[in-house]
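Worksheet: one structure, shown below.
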Amino acid sequence: MTDYPDTSPGSLFATTLAVAGHDGDQIEAYLARPAGERSRGGVVVIHHMPGYDRETKEMVRHFAELGYDAICPNLYSREAPGADPADASAVARSRGGVPDDRLVGDVAGAAAYLRSLPAANGRVGVIGHCSGGRQSVLSACRLDLDAAVDCYGAFVVGEVPAGMDLRITNLIPDLPNLSAPLLGLFGAEDQHPSPEQVAELGRILTEHAKDFEFHSYEGAGHGFFAVNRPAYNVAAANDGWERIAAFFGKHLSTATATATSTSAEG
Amino acid sequence: MCTYATFKDTVDGSAKGPGGSWFHVTDVTVYFDHPVHAMAEHTLNIDFADPGRGPAARVAVELTAESAERLVAAIQAALAAVPVEMRV
């Protein structure tokens, strides 16, 4: 990779590789890096429940284009190695979903890999959408990360309906341990999380003096970042990407990373 | 939303799957969540699968809630239209 010059703005590299995840398991991951040797932070992208798919890999490349080393671990590597993402997702769902502890181990492995790369500045953020939004918050509660973005993750707070075959709990017991600044991006028309649940999450984080920043977009529902879905909302997605870029720019850059104060806005 | 609403059961039958081949299906997963292909925010999704044959041994459908209700009614009507002794 380092054979290429760093003189072409926008140059980046993307590849599939294996990283050590939970319990040291070798899991598949998609990595994208900006060209050159310039010092940079890292971003772990947690794919949504429908899988380690093309659109998620596109986000990984987007972060490389923004100047970060970015990686997305395939959370379904164990259940369905090499399978079509939708088939792998179906297998994982039929087995009850990804256990939280395993998810945390996989994100930890991905973050460690990013920190080991040449030119890494040691600062790593995490982002996830939908189920990945919840998992992003979970990761920031249990791991040493520098920034976390939750895009409309359901069941960070709120009661999980009983009787389902998919194992999931809310994260209320974990929230006091949130150790990274959190950016939350939500749709005002979404019901999971609902505006009331977003407000409840804000109240809990304020109570615990956490550093967070929430934005809810009028007219946007769930999944507004998903470019290949009917829920895609151009205005919300464009503004959201700008806020993500600013947030990671603030917290993942060695030069500008400083202690921040608690903030919240609607 | 990711509803996470997922319900599993066993089934006994066959499905025509990848490559046009029939295969025996043993498991069904029913969930109301984001579709992969259907142009709706959420759909009633059904996976008929034989886990023993790997992840690709799956027949998947994604139905709008309204059409899923009609499917349920059609299945019940078809079953009700024949004598119980024929269900063998």
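All chains are named by letter (A, B, ...) in the order of the sequence lines, taking the proteins before the strands, and each is independently numbered beginning at 1.
- Residue contact with chain A, scored on non-hydrogen atoms closer than 4.5 Å, involves the backbone and the side chain of Thr6(B) alike.
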Inset, instruction - Please step through side-chain contact (heavy atoms from CB on, under 4.5 Å) for the pair Tyr31(B) and Met164(A), ending with a clear verdict. - result: CA-CA 10 Å; Tyr31(B) 48 107; Met164(A) 298 193 303; over 6 Å; no
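- In terms of non-hydrogen atom pairs under 4.5 Å with chain B, the most contact-rich of Ala90(A), Ala231(A), Gly51(A) is Ala90(A).
- With Arg229(A) contributing its side chain and Val36(B) its backbone, the two residues share a donor-acceptor pair below 3.5 Å.
- For Asn228(A), the part lying under 4.5 angstrom from a heavy atom of chain B is the backbone only.
- Side-chain contact between Glu41(B) and Pro230(A) is absent, with no heavy atoms from C-beta onward closer than 4.5 Å.
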Inset, instruction - Go through the steps to decide whether Asp33(B) and Arg93(A) satisfy the test side-chain contact (heavy atoms from CB on, under 4.5 Å), and finish with yes or no. - result: CA-CA 11 Å; Asp33(B) 217 326; Arg93(A) 181 185 288 270; 3.2 Å; yes
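- Heavy atoms from other residues, nucleotides or ligands lying under 6.0 Å from CD of Glu69(B) number 12 at most.
- Neither the backbone nor the side chain of Ala49(B) comes within less than 4.5 Å of any heavy atom of chain A.
- Relative orientation of the His34(B) and His222(A) rings is parallel, given thresholds of 30° and 60° on the angle between their planes.
- Side-chain contact check for Tyr4(B) versus Ser131(A): some heavy-atom pair is nearer than 4.5 Å.
- Only the side chain of Ala83(A) comes within less than 4.5 Å of a heavy atom of chain B; its backbone N, CA, C and O stay farther away.
- Highest contact tally toward chain B, considering only Ala88(A), Gly82(A), Ala86(A), is held by Ala86(A) [criterion: heavy-atom pairs under 4.5 Å].
- In this structure, the portion of Arg134(A) lying under 4.5 Å from any heavy atom of chain B is its side chain and not its backbone.
- Interface residue Ala40(B): only backbone heavy atoms are found under 4.5 Å from chain A.
- Around NE2 of His37(B), the count of heavy atoms belonging to other residues, nucleotides or ligands within 6.0 Å does not exceed 12.
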